Trainee: 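One structure coming up, written as structure tokens, with questions to follow.
Small disclaimer: the values here were computed from a predicted structure and weren't measured. Only this structure's heavy atoms are used, side chains among them; waters, hydrogens and symmetry mates stay out.
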Amino acid sequence: MLALSGAGACDAGSQTAPKTAPKPVSQASAPAPVPVKPPTASAPTAAPPAVFADAAGPVRPDHAPQALELTGGRKATLSSWRFEPAPGRSEARNTYWCGVQLDGQALTVIGVGGTEAVSCDGLAAVGAVSKGRIGLIYRTSSPNADSLTAVVLAPAGGAWAVDEDLTERLSETSPATLAALRKAVE
């Protein structure tokens, strides 16, 4: 589970489930079942297929949208998504890619470029880092290893882009927490 842990940051595992079990409801007083409705636009269940052109089939949310406060007071909302790559997009079998929606823009961040050799198992942490950038730490895997993969998004000409050079350098140190990622990026 991702939980906010400071201004513009969340880390997996920082929140635990309640220790008490729900009280049982007797059959006589139980309310009639209510059909589950899809979440509203504020909590979408899937991005429109055209948003991630690299996706085959449904695009699934990886976690709830996260509100971030970036350098200079700028605010952004980031949503993370998992999907299977479209046929011919990946040479790896049984792989998942991850992407983000940020300021109305969709970016595939795990499965392409320097992260093309790994499968995305989900977002572990996200938060603001220096110079208005956003740091992401994903749980990733390959056929013979599980790891954490850091990716940095940077504003570029009015849009967002993966900072490929910084992301590649981070692959050598593999920061496992937002604090370590922030220190490596400074």
Side-chain angles (χ1 to χ4, degrees), residues 2 5-14 47 51-55 59-63 65-72 74-86 89-92 94-186:
L2 296 173
S5 61
C10 70
D11 271 315
S14 63
V51 171
F52 291 100
D54 296 326
V59 177
R60 294 175 185 87
D62 189 32
H63 70 84
Q66 298 294 312
L68 303 172
E69 188 170 329
L70 307 174
T71 307
R74 180 175 176 204
K75 296 180 189 286
T77 301
L78 180 137
S79 298
S80 182
W81 304 87
R82 277 183 84 218
F83 52 90
E84 292 182 56
R89 297 283 188 167
S90 175
E91 292 184 28
N94 302 321
T95 190
Y96 283 91
W97 287 4
C98 281
V100 296
Q101 282 182 299
L102 183 62
D103 292 343
Q105 179 185 356
L107 291 167
T108 301
V109 293
I110 298 289
V112 296
T115 63
E116 68 186 348
V118 296
S119 181
C120 185
D121 298 329
L123 185 64
V126 59
V129 295
S130 67
K131 300 179 184 172
R133 297 177 289 193
I134 297 172
L136 305 157
I137 300 176
Y138 282 95
R139 294 179 309 279
T140 57
S141 58
S142 66
N144 57 356
D146 293 335
S147 61
L148 293 173
T149 302
V151 176
V152 175
L153 303 178
W160 289 94
V162 173
D163 185 329
E164 294 287 349
D165 293 334
L166 183 53
T167 297
E168 178 65 30
R169 282 186 307 196
L170 290 170
S171 71
E172 297 168 13
T173 59
S174 299
T177 65
L178 281 174
L181 177 59
R182 287 181 179 120
K183 187 175 180 179
V185 168
E186 294 295 320

Trainee: Under the disulfide bond (SG atoms under 2.5 Å apart) definition, can you give me all pairs with a residue in residues 134-186, not counting sequence neighbours?
Mentor: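 The answer is none; no pair qualifies.
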
Trainee: How would you list all residue pairs meeting disulfide bond (SG atoms under 2.5 Å apart) that involve residues 125-186, not counting sequence neighbours?
Mentor: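 Listed by first then second residue: nothing to list.
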
Trainee: Not counting sequence neighbours, which residues clear side chain to side chain donor-acceptor pair (under 3.5 Å) with Ser147? List them please.
Mentor: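 Partners of Ser147 under the side chain to side chain donor-acceptor pair (under 3.5 Å) test: Thr140.
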
Trainee: Could you list the residues that satisfy salt bridge (charged side-chain N to carboxylate O under 4.0 Å, His left out) with Arg169, not counting sequence neighbours?
Mentor: none

Trainee: Taking only residues two or more places apart in sequence or in another chain, which ones pass salt bridge (charged side-chain N to carboxylate O under 4.0 Å, His left out) with Asp54?
Mentor: Arg89

Trainee: Using the side chain to side chain contact (heavy atoms under 4.5 Å, CB included) rule, pick out the option among Val151, Asp62, Leu136 that qualifies with Val126.
Mentor: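 One option only clears the test, and that one is Leu136.
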
Trainee: With rounding to the nearest 0.5 angstrom, report the CG to CD distance, Asp163 to Glu168.
Mentor: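 Here the rounded value is 11.5 Å.
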
Trainee: Provide the closest heavy-atom pair for Thr77 versus Pro65 in the form atom of the first, atom of the second, distance.
Mentor: CG2-CB, 3.9 Å

Trainee: For Glu164 and Gly114, which heavy atoms make the closest approach, and how far apart are they?
Mentor: OE1-N, 3.7 Å

Trainee: Can you tell me how far the CD1 atom of Ile134 sits from the CG atom of Leu102, to the nearest 0.5 Å?
Mentor: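 It is 4.5 Å, given to the nearest 0.5 Å.
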
Trainee: Hey, could you give me each pair passing disulfide bond (SG atoms under 2.5 Å apart) that has a residue in residues 113-186? Not counting sequence neighbours.
Mentor: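 Qualifying pairs: Cys98-Cys120.
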
Trainee: Between OG1 of Thr149 and CZ of Arg139, what distance do you get to the nearest 0.5 Å?
Mentor: 11.5 Å

Trainee: Is the backbone N or O of Val152 less than 3.5 Å from a side-chain atom of Thr167, with the two atoms forming a donor-acceptor pair by type?
Mentor: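 Yes, because the side chain of Thr167 sits within donor-acceptor range (under 3.5 Å) of the backbone of Val152.
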
Trainee: For Ser119 and Tyr96, indicate whether the former's side chain and the latter's backbone hold a donor-acceptor pair under 3.5 Å.
Mentor: yes

Trainee: Provide the closest heavy-atom pair for Leu178 versus Ala125 in the form atom of the first, atom of the second, distance.
Mentor: CG-CB, 3.9 Å

Trainee: Quick one: closest heavy-atom pair of Phe52 and Val100, and the distance?
Mentor: CZ-O, 3.7 Å

Trainee: As an exercise, state the distance from CZ of Arg82 to CH2 of Trp97, rounded to the nearest 0.5 Å.
Mentor: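 The CZ atom of Arg82 sits 14.0 Å away from the CH2 atom of Trp97.
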
Trainee: Kindly write out the residues that satisfy side chain to side chain donor-acceptor pair (under 3.5 Å) with Ser141, not counting sequence neighbours, or none if the list is empty.
Mentor: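 Listed in chain order: Asp121.
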
Trainee: What closest approach, in Å, do Leu70 and Gly132 show between heavy atoms, and which atom pair accounts for it?
Mentor: CD1-O, 4.0 Å

Trainee: Measure the spacing between CD1 of Ile137 and CG of Leu181 and express it to the nearest 0.5 Å.
Mentor: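 The CG atom of Leu181 is 5.0 Å from CD1 of Ile137, to the nearest 0.5 Å.
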
Trainee: Starting at CD1 of Ile110, measure out to CD of Glu116 and round the result to the nearest 0.5 Å.
Mentor: 12.0 Å

Trainee: Pairs in or reaching into residues 103-112: which pass salt bridge (charged side-chain N to carboxylate O under 4.0 Å, His left out), with residues at least two apart or in two chains?
Mentor: Arg74-Asp103

Trainee: Determine the minimum heavy-atom distance between Ala128 and Arg182, stating which atoms define it.
Mentor: O-NE, 2.9 Å

Trainee: If the condition is side chain to side chain donor-acceptor pair (under 3.5 Å), which residues does Ser130 pass it with, not counting sequence neighbours?
Mentor: Arg133

Trainee: Name all residues meeting the ring pair (Phe, Tyr, Trp, His ring centres under 6.0 Å) criterion together with Tyr138; count only those two or more places apart in sequence or in a different chain, and write none if there are none.
Mentor: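 Not a single residue meets the ring pair (Phe, Tyr, Trp, His ring centres under 6.0 Å) criterion with Tyr138.
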
Trainee: Could you list the residues that satisfy side chain to side chain donor-acceptor pair (under 3.5 Å) with Asp165, not counting sequence neighbours?
Mentor: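 Applying side chain to side chain donor-acceptor pair (under 3.5 Å) to Asp165 gives none.
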
Trainee: Under the rule for salt bridge (charged side-chain N to carboxylate O under 4.0 Å, His left out), what residues qualify as partners of Asp146, not counting sequence neighbours?
Mentor: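 By the salt bridge (charged side-chain N to carboxylate O under 4.0 Å, His left out) rule, Asp146 matches no residue at all.
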
